[in-house]
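First the structure, in the form of structure tokens, and then the observations on it.
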Amino acid sequence: MMNTNFYEQVYEIARLIPKGRVTSYGAIAKSLGAAKSSRMVGYAMRYAEAAHPKVPAHRVVNSSGLLTGKFHFNPPERMEEQLFNEGVVVKDNKVVNFKKVFWNPMEEIF
DNA sequence: ACATTGACCGCGT
DNA sequence: TACGCGGCCAATG
């Protein structure tokens, strides 16, 4: 595939997300120094399954803790299922205790 | 090369 | 508090 540096950066951060934690598109974009390119992060996630090694895209949600990208999974319920399997509870399409399970990529970079 | 789109974010009403 | 709208940047046709 494209092998674009931008995508690789996004995947790299996403792979650092600890099990049982989640982060937001904006946080990843910010850690890359492109806070205004948060949309690109989500866009890149569409190709996450095509990336190697595997990228835990299910641990990435929007800034509200909403699972906006669940419909891009196969099947869509797979996202909640995997999150729940890791201890992250999803209620009404959003992550419960989002602020608590939220993981800041900046901490790992620093 | 131009126009459109998108797994978002933040502000304004 | 809830919904709408524009902006941002890269990829795709």
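Convention: sequence-line order gives letters A, B, ...; per-chain numbering from 1.
- Not a single donor-acceptor pair under 3.5 Å links the side chain of A:Tyr25 to the backbone N or O of A:Tyr43.
- Residues of residues 25-44 of chain A that place a heavy atom closer than 4.0 Å to DNA chain B, in numerical order, are A:Tyr25, A:Gly26, A:Ser38, A:Arg39, A:Met40, A:Gly42, A:Tyr43.
- Among A:Ile28, A:Val22, A:Val10, A:Leu67, the one residue that satisfies the side-chain contact (heavy atoms from CB on, under 4.5 Å) test with A:Val60 is A:Ile28.
- DNA chain B is contacted by A:Asn62, A:Ser63, A:Thr68, A:Gly69, A:His72, A:Phe73 of residues 61-78 of chain A, taking any non-hydrogen atom closer than 4.0 Å.
- Panel note: side chain A:Arg15, backbone A:Pro53; a donor-acceptor pair is recorded below 3.5 Å.
- Taking CZ of A:Phe73 as the start and CZ of A:Arg78 as the end, the distance is 10.0 Å to the nearest 0.5 Å.
- Separating the CE atom of A:Met45 from the C1' atom of C:dA11 is a distance of 16 Å, rounded to the nearest angstrom.
- One interatomic measurement links the two molecules: CG of A:Asn5 to P of C:dA10, which rounds to 12 Å at whole-angstrom precision.
- We find that CD of A:Glu80 is positioned 18 Å from P of B:dA7, with the value rounded to whole Å.
- Look at CE on A:Met79: it is 12 Å from P on B:dA7, rounded to the nearest Å.
- A straight line from CG of A:Leu83 to P of B:dA7 spans 18 Å, rounded to a whole angstrom.
- When each of A:Glu77, A:His58, A:Glu80 is checked for a side-chain hydrogen bond (donor to acceptor under 3.5 Å, both in side chains) with A:Lys70, only A:Glu80 meets the rule.
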Between the protein and nucleotides 11-13 of chain B, which nitrogen or oxygen pairs come in under 3.5 angstrom?
none

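- Taking every heavy atom of both residues into account, A:Gly69 and A:Met79 meet most closely at C-SD, 4.2 Å.
- In terms of heavy-atom proximity, A:Val88 sits nearest to A:Gly20 at CG2-O, 3.4 Å.
- A tilted orientation is assigned to the rings of A:Tyr47 and A:Tyr7, their planes being inclined by 30° to 60°.
- Considering all non-hydrogen atoms of both residues, A:Phe102 and A:Ser24 come closest at CE1-N, 3.6 Å.
- Per the geometry, CZ belonging to A:Phe98 stands 8 Å off P belonging to B:dC9, to the nearest Å.
- No donor-acceptor pair under 3.5 Å is formed between the side chain of A:Arg21 and the backbone N or O of A:Trp103.
- Atom OG1 in A:Thr23 sits 9.5 Å away from atom CD in A:Glu107 (nearest 0.5 Å).
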